[in-house]
There are 2 protein chains.
Amino acid sequence: MKNILIIGAGRSASALIHYILEQAKTNGWFVTVADNDPDLAKKKVGDHPNGRATWLDVTKPNDRREIIERNDVVVSLTPAHLHLLIAEDCVKCRKHLVTASYVSSNLYNLKDKVEANRLIFMGEMGLDPGIDHMSAKKTIDELREKGAKITSFSSYAGGLIAPESDDNPWNYKITWNPRNVVLAGQGTAQYLEDNQYRYIPYQRLFRLYKMINVPQYGEFEAYANRDSLLYREIYGLEDIPNILRATLRKPGFCDGWNALVRLGLTDNSFPIIDSENLTYHQLTEAFLSKGNEDLSTEERLAKMLRVELDSDVMQKLKWLGLFDHKKINLSQASPARILQQLIEEKWKIRPEDKDMIVMQHEFEYEMDGRKKALSSTMVMKGQDGTATAMSSLVGLPVGIFVKLVMLGKITQPGVQIPVQQSVYLPVLEELETFGVVFHDVETDLGPV
Amino acid sequence: MKNILIIGAGRSASALIHYILEQAKTNGWFVTVADNDPDLAKKKVGDHPNGRATWLDVTKPNDRREIIERNDVVVSLTPAHLHLLIAEDCVKCRKHLVTASYVSSNLYNLKDKVEANRLIFMGEMGLDPGIDHMSAKKTIDELREKGAKITSFSSYAGGLIAPESDDNPWNYKITWNPRNVVLAGQGTAQYLEDNQYRYIPYQRLFRLYKMINVPQYGEFEAYANRDSLLYREIYGLEDIPNILRATLRKPGFCDGWNALVRLGLTDNSFPIIDSENLTYHQLTEAFLSKGNEDLSTEERLAKMLRVELDSDVMQKLKWLGLFDHKKINLSQASPARILQQLIEEKWKIRPEDKDMIVMQHEFEYEMDGRKKALSSTMVMKGQDGTATAMSSLVGLPVGIFVKLVMLGKITQPGVQIPVQQSVYLPVLEELETFGVVFHDVETDLGPV
C-alpha cells in the first residue's frame, strides 16, 4: 500500500494532513488531498514532495470512483451525508475507509460486504466521538481485567477556551461548527441513574446542569447529552445502573444560555418574517409579551427571566448584543440563524487565542468488598486560534489509525468504531506523545 | 368538459366525493376516484352510476399521467409532498387542478406555464386554509368598499367537539390528523400588535393564550399560529397595525397542554431508547428530576408544575393515562409519538359524537370619524363521528369550486388561492345552503 486519499480539506483537516504528510515522507507514501475548493486543498498540502492537492466534487460518481480507485486508504472528512457515497465506492474498489463521524445505520448495513472483502471501515475516530471511546473503553477493560464491577460511568467533554484566552462574560468561544453550538441539546436527553431512566426535555436542559470538578481546573457545569444510553452496548455496560454523557461549560454559561432558550432565540424551524429589516433590539423586544411599556426592553426581559437587571445573566445577554440597535441584515432567517450570526462575531476565536479540550471520565466500581471511585482526566490546550486543540484531537487519531493500517499493524476487517484493544492501545499510545494524557485519581469510598 | 378525477379517498374526501357524484348525476359528468387503497375508493363511490373507483400509486409516473390525461379537472387530496408530481402532469396534459392544501413555493413556480396554458390551479380551497380566506376576504373587501380603514384583523378557528358530545376533562376530541394535534404550535408564533412584531416561542405558547368570546358559545382560549404575518399581503393588509391568526380550544385546554410540553412529551426529534418495554408511568417518572423520592409520581409532577394535586391540570394528565402502569408497546418511539398513541385512544371521536367547527374573524376599523368593531362568526356541527363538520368543510369548498369550473363559471387562469371576489362569492353562497353561515355583530367604539 502506497497511496492515501484525504477527501475534505476544511478546518478539521489541518492537523491530520500535516501528520499524514510527515508520515508519508518517512514511509515513502503519497497523499492526495481532494476538496471542492482546490485552493483550500493546495494551501493545506503546500509544496510537500509527498502530496498533491486536487479538485473533487464528491457528488460526481465518475470523478469520485476514479480517484478512490487510485488509492489504498481513503479518509472522508466530508459532511456526514456524503460518507455513504464514498463508502459504497470503497466497497466496490476494495479500499479501506476512515472517518471521524458517527457511523450511520446505512454505513453499518455495508458490514457483510466490507467483511467479505476484508476491508477496514473505521468510523468515530476523532475526538468526540473517538478519543472518548478509546480512553473510556481502555479504563473499562482494565477495571474488568482486575475483577471490578462497574456501577457508574459518567463521561464529560467540552471544547472550551483556555483560561489565559478567556476574556468574555460567557467564558466561551467557538472552536467547532457554530450552527451546532446554537442547536446543541435540542431533543430529549436520556440517561440512567440508580437503574432508573431519566429524561430531560430541551426546555429544562440548561436549568438541570450539574457541577463537576476537574482537578487543577476547578468547577464546570455539565448538561446531559441525548445519547448516553446508546453507549451501554458499545462499551459492554448493558447492566450498569448509572450512565451519563454530558457537555462541559464554564460556570454561569448554562444560566445564560437558558435565558436565550426561554426567550426563543434557539428555534430553527421557521423564518422570522422581515428579519432583514429588524435590529437585534427589535427582535428581542418582539419576543417579550405586551405590558410594562414604561420599562426598558432590558428591564422587561429581566422581569420575564426573574433575574436582577445587573445579574450575570443580563450582563451576558447585553454583551452578546441582544439590545443593540444594529440591523440583523439576514433575510428570512430563523431565530437560531440570527443567534448564530451574533455568536459567530462575539465568540470568535482570535489568532492568538488558545482553545482547551477537557475530557473527564468518572467511574464507580466495587472490588474486593470496597467501593471505589476513579476519575480519569485529559486537558489539552491549542497553540493558537488556527492550530487549535480541537483540530488536533479530531485529526490526529484519524492520522495515527491510517498509519497503522498502512503499516499493516491493524488488519481486523469490518465496519467498526475504536473500542477494541488492538485499536485503542496503539492509537492512545501515540496520542500520548502529542500530549493527550489522561490523569487518573482513585478514591476509596469505603466498604460495599 | 365531462370527466373529473379525485386522487385520494381518505377521511377528508367523503363529503367531497358525495357532493361531486350528486353533481355528476345532474350534469352528466363522470367521476373517477383513485387511491392507493382501491377498497377505500370503492367504498366511497359505492355503486353510483356516474362514478368508478380505481387503484393508483401516485408515485408511478406512467399510471399517473395516463389517468390524468383522461380527465378534465383533477382534485388532489394526497399528502402535501405528492401535489407537485400531480401538478406537473396537469401542466403537461393541460388539466385544471384543485387542492385543499397550502400552495407550496414549488407550485407557485409553475405559474407561468399554468397561465400560458390558461389552466386554473386552485389551492387552499378547504376549511383552514380555504373558508377562512374566503370569508375574511369578503368582509375585508366589503369594509373597504364602504370606505373603512381597517386597523385590526384577528382570525380564530378551532376544530372542536360539540357541547352535547363533550364528555372528557380536556373538552377535546380528535377530528383531524392526530400527529398534527401533538406537534401543533412548534416553531415561533409571529403576529403584529400596535404595529410591533410579537413572537412567541413554543415553550411559552400555551401559557400566553388569550380568551375569546364566541356569541352563544361562550369563552374559548386562543393560542397564536405561526403564520399570521404571511396573511398581510394575501389579504391586501400590508399596512395593518394589528394582525393575528390563532387556534381555539375550550377553557383549561392550554394549561393542560402546557404541562405536557413542560414535561417533555411533545418532542418528536429523538426516539426514547427501550420505549417498547416502558409503561406510561415509567415514562412520566423518567421525565421528573431526582429528589423527593418519598412522594408519589403524581405528587412530584404536581410539584414540578407548581399546581395542586387535585388541580384541573393534574386531573387532565391523570385521565389521559400518564400514570397508568400499562406498557407503551411502541418501539423506538419519540415522546411525541407516544403521546399521539395516548390521545388517539383517549380523544377518539365516538360514532355518535358530533364535532364542531368554530371560526370567528374580528375586525376593528375607522369610518366617518368613528371607531368600530365587527365580529363575524361561523359555528357548524357535524352529524356524527363519521360525517363530521371537519370533513364537510374541507371537502365542500373543493367540490363547489370544481363544479363552477366544470360549468365554465370560473375561467380566470393561474396558480391561485380563493381571495378573489369572482371565486369567494359563488362558493360562499352555495356553502350557505349547507349551513355555513357567518353571523356579524357590529359595535360602535366611539369617536376616532
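Here is how names work: the chains are called A, B, and so on, in the same order as the sequence lines, proteins then strands, and each is numbered from 1.
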For this session: Kindly compute the distance separating CD (A:Q203) from CG (B:L263), expressed to the nearest 0.5 Å.
Result: 9.0 Å
For this session: Could you look at B:I273 and say if it's the side chain, the backbone, both or neither that has a heavy atom under 4.5 Å from chain A?
Result: both
For this session: Side chain from CB out, backbone as N, CA, C, O: work out which of these in A:R226 comes under 4.5 Å of a heavy atom of chain B, or both, or neither.
Result: both
Exercise. Taking every heavy-atom pair that is under 4.5 Å apart, which of A:S289, A:A286, A:G187 has the most such pairs with chain B?
Worked result: A:A286
For this session: Mark yes when over 12 heavy atoms from residues, nucleotides or ligands other than A:E238 sit less than 6.0 Å from its CD; otherwise mark no.
Result: yes
Exercise. B:R204 and A:R262: which non-hydrogen atoms are nearest, and at how many Å?
Worked result: NE-O, 3.0 Å
Seminar exercise, completed: Interatomic distance, CG@A:D274 vs CD@B:Q190, rounded to 0.5 Å, equals 9.5 Å
Seminar exercise, completed: Ordered numerically, the heavy-atom neighbours of chain A under 4.5 Å found in residues 321-331 of chain B are none
Exercise. Out of B:L283, B:L288, B:L265, B:I272, which one racks up the most heavy-atom pairs below 4.5 Å with chain A?
Worked result: B:I272
Problem set entry | Validation row: A:T188, B:P335 side chains within 4.5 angstrom (heavy atoms) | yes
Exercise. Is atom CD of A:E293 surrounded by more than 12 heavy atoms (other residues, nucleotides or ligands) closer than 6.0 Å?
Worked result: yes
For this session: Tell me, for A:L229 versus chain B, whether the close heavy atoms (under 4.5 Å) come from the side chain, the backbone, both or neither.
Result: side chain
For this session: Using a heavy-atom cutoff of under 4.5 Å, enumerate the residues of residues 191-202 of chain B that contact chain A, numbered in order, or state 'none'.
Result: B:E193, B:D194, B:Q196, B:Y197, B:R198, B:Y199, B:P201
For this session: Measure A:L278 against the heavy atoms of chain B and call it side chain, backbone, both or neither at under 4.5 Å.
Result: side chain
Exercise. Taking every heavy-atom pair that is under 4.5 Å apart, which of B:K290, B:Q186, B:Q282 has the most such pairs with chain A?
Worked result: B:K290
Exercise. Is it the side chain or the backbone of A:E285 that comes within 4.5 Å of chain B heavy atoms, both, or neither?
Worked result: both
